[in-house]
Amino acid sequence: MNAPESLPAAARNAWNDSLLAQFPEHVAGVLADRATPRHFASGDVIHGAGEASGVVYLIVEGLARIFVSSPAGREVTVRYAARGELVGLPTLAAGRHNPGVSVKVMIDTDCVSLSASSLSRLAATEVGVAWPIARYIAETLHLSEQLWSNNVFQQVPPRVAYHLLELCTREAGGLVVHATQDEVARAVGSVREVVARTLGDFASRALIEREPRIIRLLDPAGLHRIAATQPR
């Protein structure tokens, strides 16, 4: 299914590179009626814990972090969603939301919001919609399981290296992570002091360079080797 012509060019390109392109052509009009471009600034919460949502988001440009939080405020990343990925499909398929899950954008992010109720009705009657959604949810679950196992069993340095590689964006000066030490600590389920020591070690080995609210990745291959370290 081609993207609706009513959307901006960048949104159409992301749509055509996403799961939505696998849907049958005749359902395009149903989704196009409620497809709305949205912009979120870095740090915006697009879905808070405990909030019901009637929207599925297609990421056009940017990066969103899906995470769970404890009553004490600790956070664990479930997955990241970048260009061409969708946020909100598990809630749609399950028919209920997980009260502990939140979604926050890590950098300025453009999205297209889609009606969850429209998608749900289509999935209930169109196998050409239901099967791609089922495969997509299975793939994201597999990635989430990998991330959870890393957060549980890996030491802090491999976890930090992995999340830096996941969070980075390419800019004129190379690969950059727009995040504070607190934000990185929350992403890996650790505390600021431990992450600060890890980042200091990475900097001393010329793997990264730190600036206020910016971490530059000087040696992505080196970080990848650390991230790939097997749990003990």
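This is a predicted model, so every value here is computed, not measured.
In this structure S18 satisfies the side chain to side chain contact (heavy atoms under 4.5 Å, CB included) test together with L20, L58, sequence neighbours excluded. Residues satisfying the side chain to side chain contact (heavy atoms under 4.5 Å, CB included) criterion with A221, sequence neighbours excluded, are D219, R225. Contacts of V156 classified as side chain to side chain contact (heavy atoms under 4.5 Å, CB included), with partners at least two apart in sequence or in another chain: R159, V160, S190, V194, T198. Residues passing the side chain to side chain contact (heavy atoms under 4.5 Å, CB included) test with R210 are Q181, L199, A203, I208, sequence neighbours excluded. E126 is linked by a side-chain hydrogen bond (donor to acceptor under 3.5 Å, both in side chains) to H26, counting only residues two or more places apart in sequence or in another chain.
Counting heavy atoms from C-beta on, the side chains of V103 and V45 never come closer than 4.5 Å. In this structure the side chain of L218 never reaches within 4.5 angstrom of the side chain of L207, judged on heavy atoms. P8 places a side-chain heavy atom less than 4.5 Å from the side chain of P37. In this structure the side chain of V30 never reaches within 4.5 angstrom of the side chain of F23, judged on heavy atoms. Two residues are said to be in side-chain contact when any heavy atoms from C-beta on lie closer than 4.5 Å; I46 and K104 fail this criterion. The closest side-chain heavy-atom distance from V87 to I66 is below 4.5 Å. Looking at heavy atoms from C-beta onward, L19 lies in side-chain contact with L89 at the 4.5 angstrom threshold. Side-chain contact between E211 and E209 is present, with heavy atoms from C-beta onward closer than 4.5 Å.
Put simply, the side chain of D110 never gets that close to the backbone of V60: no donor and acceptor are under 3.5 Å apart. No donor-acceptor pair under 3.5 Å is formed between the side chain of T109 and the backbone N or O of V105. Between the side chain of S118 and the backbone N or O of L114 there is no donor-acceptor pair closer than 3.5 Å. Between the side chain of D44 and the main chain of A41, a donor-acceptor pair closer than 3.5 Å is present. Judged purely by atom type and a 3.5 angstrom limit, Y136 uses its side chain to pair as donor or acceptor with the backbone of L86. Under the 3.5 Å distance criterion, the side-chain polar atoms of T77 are matched with a main-chain donor or acceptor of A187. Between the side chain of D201 and the main chain of R197, no donor-acceptor pair closer than 3.5 Å is present.
Listed here is the closest heavy atom pair of H39 and D108: CE1-CB, 4.0 Å. Listed here is the closest heavy atom pair of P24 and V129: CD-CG2, 4.0 Å. Heavy-atom minimum distance, A14 versus R83: N-NH2, 3.5 Å.
Atom CZ of R135 is surrounded by 12 or fewer heavy atoms from other residues, nucleotides or ligands within 6.0 Å. Remark: H224 NE2 is loosely packed, at most 12 non-hydrogen atoms of other residues, nucleotides or ligands lying under 6.0 Å away.
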Give the C-alpha distance, both sets of side-chain angles, the deciding distance and a yes or no for side-chain contact (heavy atoms from CB on, under 4.5 Å) between L63 and T169. CA-CA 9 Å; L63 184 70; T169 56; 5.5 Å; no
I215/F202 under side-chain contact (heavy atoms from CB on, under 4.5 Å): CA gap, chis, key distance, verdict: CA-CA 11 Å; I215 302 170; F202 287 178; over 6 Å; no
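Here the CD1 atom belonging to I226 is positioned 13.0 Å from the CD atom belonging to Q155, to the nearest 0.5 angstrom. To the nearest 0.5 Å, the span separating CZ on R38 from OG on S113 amounts to 5.5 Å. Note that CD1 of I133 and CD1 of I137 are 6.5 Å apart. Values are rounded to the nearest 0.5 Å.
Under a hydrophobic clustering in which Ile, Leu, Val, Met, Phe, Trp and Tyr are joined whenever their side-chain heavy atoms come within less than 4.5 Å, directly or via other members, L164 and V191 fall into the same cluster.
H178 and E171 form a side-chain donor-acceptor contact under 3.5 Å, judged by distance and modelled atom types alone.
In summary, the aromatic rings of F67 and Y80 are positioned with their centroids too far apart to meet the 6.0 Å limit.
Among R186, E166, E183, the single residue meeting the side-chain contact (heavy atoms from CB on, under 4.5 Å) criterion with R65 is R186.
Other members of the hydrophobic cluster containing I214, listed by chain and number, are V176; membership follows side-chain contacts under 4.5 Å among ILVMFWY residues, whether direct or relayed.
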